[in-house]
Amino acid sequence: MFTRLAAGLLAGASLSTLAVAAEAGTKQPVRWVSGGAVWTTKSKAFKTFFKNGEITDRALQAGINNSGWTADEIREGMTKTYKVDLIGVSRFLYSKDGVKFLKDQTRSYFPYWKKQKTAVVALRSAIIADSKDGKLSSAGIMKNLPVAFRLNDNGSSDGSQNVCKSGLSGAQATSLLSWYVFLPACVQANQILPAAPAPRAAAPVRGLW
């Protein structure tokens, strides 16, 4: 159980993370790595896609084609916003279950240089940074990634992502863009909201005598 002091310290840590992430947002949110080949989709291409649906990057087109969804569905899902509580999101992401969640969510998608060693910290910072205004979206999380991320399908990683949605199959259950679509809803559902204050006992009614 979090005390008020712990919640305050957590908020301070979260806000420090916000500042770092805000200054270091990457221009390379997805570097698609397959075998010895690397294709980079820059943030500019994603912004154009989110704004008007235009696809200007071949790697992004391939990612959409392999997502199990249409381009319009990906665009709608990644720009949809969810109401969240900054402290509630931070409490979850810093908890034992939250760390496990972040590790699961970075199965094949992690920082390009430090890889999985910094995956938890990097993804957490992006989620918290986008939550500061009480709203969370896939596009916002991607925008706030502090470093370049890679989707890796060689070595110990197979390119599959743990999409936070039951009942899916095929590419919809494992692709990166499908993972992005459902990530903010998953965070919203798992945030640890502050407990409501207990109602104060009513004062006894004094008689007239």
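What you see is a predicted model, and the numbers here were worked out from it, not measured in a lab. Note: hydrogens, waters and symmetry copies are ignored here, and every other heavy atom, side chains too, is used.
Seen from the ring of Tyr94, Arg124 counts as a face-on cation partner, given the 6.0 Å and 45° thresholds.
Counting all heavy atoms, side chain and backbone alike, Leu93 lies closest to Leu102 at O-CD1, 3.8 Å. Looking at every heavy atom in both residues, Ala126 comes nearest to Ile141 through CB-O, 3.5 Å.
Although no hydrogens or angles enter the test, the distance criterion places no donor-acceptor pair under 3.5 Å between the side chain of Gln105 and the main chain of Leu183. Judged by distance alone, with hydrogens and angles left aside, the side-chain atoms of Ser157 form no donor-acceptor pair with the main-chain N or O of Gly159 at under 3.5 Å. Of the possible donor and acceptor atoms, one in the side chain of Ser125 sits under 3.5 Å from a partner among the backbone N and O of Ala122.
In this structure Lys100 satisfies the salt bridge (Lys or Arg N to Asp or Glu O under 4.0 Å) test together with Asp104, sequence neighbours excluded.
With a 4.5 Å cut-off between side-chain heavy atoms of Ile, Leu, Val, Met, Phe, Trp and Tyr, the cluster of Trp113 takes in Val33, Val38, Tyr112.
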Check the pair Ser95, Phe101 against side-chain contact (heavy atoms from CB on, under 4.5 Å), reporting the backbone distance first and the verdict last.
-> CA-CA 10 Å; Ser95 70; Phe101 169 81; over 6 Å; no
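Applying the salt bridge (Lys or Arg N to Asp or Glu O under 4.0 Å) test to residues at least two apart or on different chains, none of the pairs has a partner in residues 49-72.
Neither Val187 nor Tyr82 shares a network with the other; the hydrophobic side chains, linked directly or stepwise wherever heavy atoms of I, L, V, M, F, W or Y lie under 4.5 Å apart, form separate groups for each.
Relative ring orientation between Tyr109 and Trp179 is described as perpendicular, the plane-to-plane angle rising above 60° on a 0-90° scale split at 30° and 60°.
Looking only at atom types and distance, the side chain of Asp153 has a donor-acceptor partner in the side chain of Ser34 under 3.5 Å away.
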